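None of these values were measured; they are calculated from a predicted model.
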Amino acid sequence: IVYNKNKMTITGGSVGEGAKTCIYSNDTLTLTGTTVDDCEKGIQIQNGTANFDGIKVQNHATSGIEFIQGTLKMFNSTVTNNGGAGLQIQDEGVSLGQLAICCGGTTIPGNNHIYNNTFFGVNTVTDEPGESFIVLANGNTWNANKQGANAQGKYGASAAVVDGPVGGV
């Protein structure tokens, strides 16, 4: 099943099983309590706004979530067992000020679990050499002992952030 629709909201249920891309959106995409499973690519958001709460993105041949430009907010979600990056974030020709990525902040922890992805848990890609950007990552469980995570892979309540790829296990 492939969804290609603007201003889409899906609550609950399951999307996937064999499609090239399970969900594609170029506008506003809101997923709550939804499982996106077993496609070539899980979710692709391009030039849009994505709001994810309590979703599972798993078992995709390439990226679990590919985010290209816009705004991403993700809380209480699991991204696991994907063949590429769990969460791939790209700026593709926009200034970094046009990207807004929050997977947990100092007042509201993300409670995301991003692990067991083949390439990286989280990978950031820019089109400018030497350029990097920050993903707010407070209160998430990613990869143990990587870029400020403790031995259990947890980012604390302080202003811990991720800049660049978080190594994959």
Side-chain angles (χ1 to χ4, degrees), residues 1-92 99-105 108-125 135-144 146-147 149 153-155 162 164-169:
I1 300 171
V2 177
Y3 290 90
N4 185 357
K5 184 177 178 183
N6 297 335
K7 296 183 181 168
M8 177 171 43
T9 300
I10 301 173
T11 302
S14 182
V15 177
E17 298 183 18
K20 183 169 177 70
T21 301
C22 285
I23 298 174
Y24 170 84
S25 179
N26 62 358
D27 199 332
T28 301
L29 174 64
T30 302
L31 301 176
T32 305
T34 303
T35 298
V36 182
D37 188 27
D38 194 27
C39 292
E40 185 174 321
K41 183 183 302 175
I43 301 170
Q44 183 178 19
I45 303 103
Q46 189 163 7
N47 300 315
T49 299
N51 299 295
F52 301 153
D53 190 10
I55 68 168
K56 292 181 183 175
V57 181
Q58 59 195 21
N59 304 318
H60 302 288
T62 62
S63 299
I65 300 170
E66 184 177 281
F67 179 76
I68 306 166
Q69 303 176 4
T71 301
L72 170 65
K73 295 179 183 176
M74 183 168 73
F75 295 92
N76 308 308
S77 297
T78 300
V79 182
T80 188
N81 297 325
N82 297 291
L87 174 57
Q88 175 88 7
I89 302 167
Q90 299 171 242
D91 66 356
E92 300 237 339
L99 289 170
I101 298 113
C102 181
C103 295
I108 302 173
N111 294 319
N112 296 301
H113 299 271
I114 302 175
Y115 60 93
N116 290 341
N117 296 288
T118 302
F119 183 54
F120 289 113
V122 177
N123 190 38
T124 59
V125 178
V135 177
L136 297 178
N138 305 85
N140 291 291
T141 303
W142 291 356
N143 295 304
K146 301 282 185 182
Q147 296 182 317
K154 191 78 169 176
Y155 285 82
V162 175
V166 176
V169 276

(request) Could you tell me the separation between the OH atom of Tyr115 and the OG1 atom of Thr80, rounded to the nearest 0.5 Å? (result) 4.5 Å
(request) To the nearest 0.5 Å, tell me how far Cys39 SG sits from Lys20 NZ. (result) 11.0 Å
(message) Can you tell me how far apart OH (Tyr24) and CD1 (Ile43) are? Round to the nearest 0.5 Å.
(response) 13.5 Å
(request) Report the distance from atom CZ of Phe119 to atom CG of Asn82, rounding to the nearest 0.5 Å. (result) 13.0 Å
(request) Can you see which heavy atom on His60 is nearest to which on Lys41, and at what distance? (result) ND1-C, 4.0 Å
(message) For Cys22 versus Asp37, what's the shortest heavy-atom pair and its separation?
(response) SG-O, 4.0 Å
(request) Can you measure from CG (Asn116) to CD (Gln58) and round to the nearest 0.5 angstrom? (result) 11.5 Å
(message) Is there a side chain to side chain contact (heavy atoms under 4.5 Å, CB included) between Thr34 and Phe52? Walk through the geometry before answering.
(response) CA-CA 9 Å; Thr34 303; Phe52 301 153; over 6 Å; no
(message) To check you understand the geometry: which heavy-atom pair defines the closest contact between Phe120 and Asn117, and what is its length?
(response) O-CB, 3.6 Å
(request) Identify which one of Asp53, Asn111, Ile65, Leu31 satisfies the side-chain contact (heavy atoms from CB on, under 4.5 Å) criterion when paired with Met74. (result) Ile65
(message) Would the distance check show the side chain of Thr62 and the main-chain N or O of Glu40 forming a donor-acceptor pair, the cut-off being under 3.5 Å?
(response) yes
(message) Please find the pair of heavy atoms, one from Phe67 and one from Gly70, that lie closest to each other, and give the distance.
(response) CZ-C, 3.3 Å
(message) For the CG atom of Leu87 and the SG atom of Cys103, what is their distance to the nearest 0.5 Å?
(response) 5.5 Å
(message) For a quick check under 3.5 Å, do Asn123 and Gln88 share a side-chain donor-acceptor pair by atom type?
(response) yes
(request) Work out which heavy atom in Gly54 is nearest to a heavy atom in Ser77; give both atom names and the distance. (result) N-OG, 3.3 Å
(request) Answer yes or no: is there a donor N or O on one side and an acceptor on the other, between the side chain of Asn112 and the main chain of Asn76, under 3.5 Å? (result) yes
